[in-house]
Amino acid sequence: MTSLYQILNLILDVAWFIMIAHIIMSWLINFQVLNLHQPMVAQIWYGLNRLLEPLYSRIRRFLPATPGLDLAPLVAFLGIIVLRIILRNNIAFFL
């Protein structure tokens with residue numbers, strides 16, 4: 001069962017880093033540090049969007065409309081933090 005805990009923790013860590021990469025890349029694109037006309041940048045950007053957009057779209061359904069401000073990544077971060085806390089507090093279940 002310890003393996004199950006480690007696998008769940010790894011999945012949450014990977015999701016965390018993918019979300020951070022997506023957020024930082026969106027800032028760099030918006031501030032025109034990165035250009036989507038570069039093939040590698042565009043490929044990474046569209047790949048990250050394809051990974052995260054299903055999650056963000058489900059979250060956006062429940063959030064109020066805030067033009068110019070996307071709160072879906074923040075809610076997803078909070079969800080990952082909550083899941084980590086739940087896993088950490090129930091580690092005895094996995095041992």
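Note that this is a predicted model, so its numbers are computed, not measured.
Of the inter-residue distances, the one linking Ile59 atom CD1 with Leu71 atom CG reads 10.5 Å to the nearest 0.5 angstrom. We find the CZ-CG distance between Phe93 and Leu4 to be 8.0 Å, quoted to the nearest 0.5 Å. Distance check, rounded to the nearest 0.5 Å: CG of Leu83 to CZ of Arg88 gives 11.5 Å. For the atom pair CD1 of Ile23 and CG of Leu52, the computed distance is 8.5 Å after rounding to the nearest 0.5 Å. In this structure, Met19 CE and Tyr56 OH are separated by 4.0 Å, a value rounded to the nearest 0.5 Å. Taking CG of Leu36 as the start and CD1 of Ile44 as the end, the distance is 11.0 Å to the nearest 0.5 Å.
One finds no salt bridge joining Arg58 and Glu53 here, because no Lys/Arg side-chain nitrogen approaches an Asp/Glu carboxylate oxygen to under 4.0 Å.
Of all heavy-atom pairs spanning Asn49 and Pro54, the tightest one is O-CD, 4.3 Å. Residues Ile80 and Ala15 share a closest heavy-atom pair of CD1-CB, 3.9 Å. Between Arg84 and Asp13, the closest heavy-atom pair is NH2-OD1, 2.5 Å.
Connection of Tyr46 to Ile24 is established within a shared hydrophobic cluster, with ILVMFWY side chains joined at heavy-atom distances below 4.5 Å, either directly or through further cluster members. Residues Ile91 and Ile86 do not share a hydrophobic cluster, clusters being chains of Ile/Leu/Val/Met/Phe/Trp/Tyr side chains in contact below 4.5 Å. Leu8 and Phe17 fall within the same hydrophobic cluster, defined by Ile, Leu, Val, Met, Phe, Trp and Tyr side-chain heavy atoms under 4.5 Å apart, directly or through other members. Both Leu10 and Leu87 sit in one connected hydrophobic cluster of ILVMFWY residues. Membership requires side-chain heavy atoms under 4.5 Å apart, directly or through other members. Cluster membership check: Leu12 does not share its hydrophobic cluster with Ile7, using side-chain heavy-atom separations under 4.5 Å among Ile, Leu, Val, Met, Phe, Trp and Tyr.
Within the 3.5 Å criterion, the main-chain N or O of Tyr5 finds no donor-acceptor partner in the side chain of Asn9.
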task: Start with the C-alpha distance between Arg60 and Asp70, add both sets of side-chain angles, then the distance that settles side-chain contact (heavy atoms from CB on, under 4.5 Å), and finish with yes or no.
output: CA-CA 8 Å; Arg60 285 185 192 116; Asp70 188 14; 2.7 Å; yes

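Here the side chains of Val41 and Leu28 are not in contact, with every heavy-atom distance at 4.5 Å or above.
Relative ring orientation between Trp16 and Phe77 is described as perpendicular, the plane-to-plane angle rising above 60° on a 0-90° scale split at 30° and 60°.
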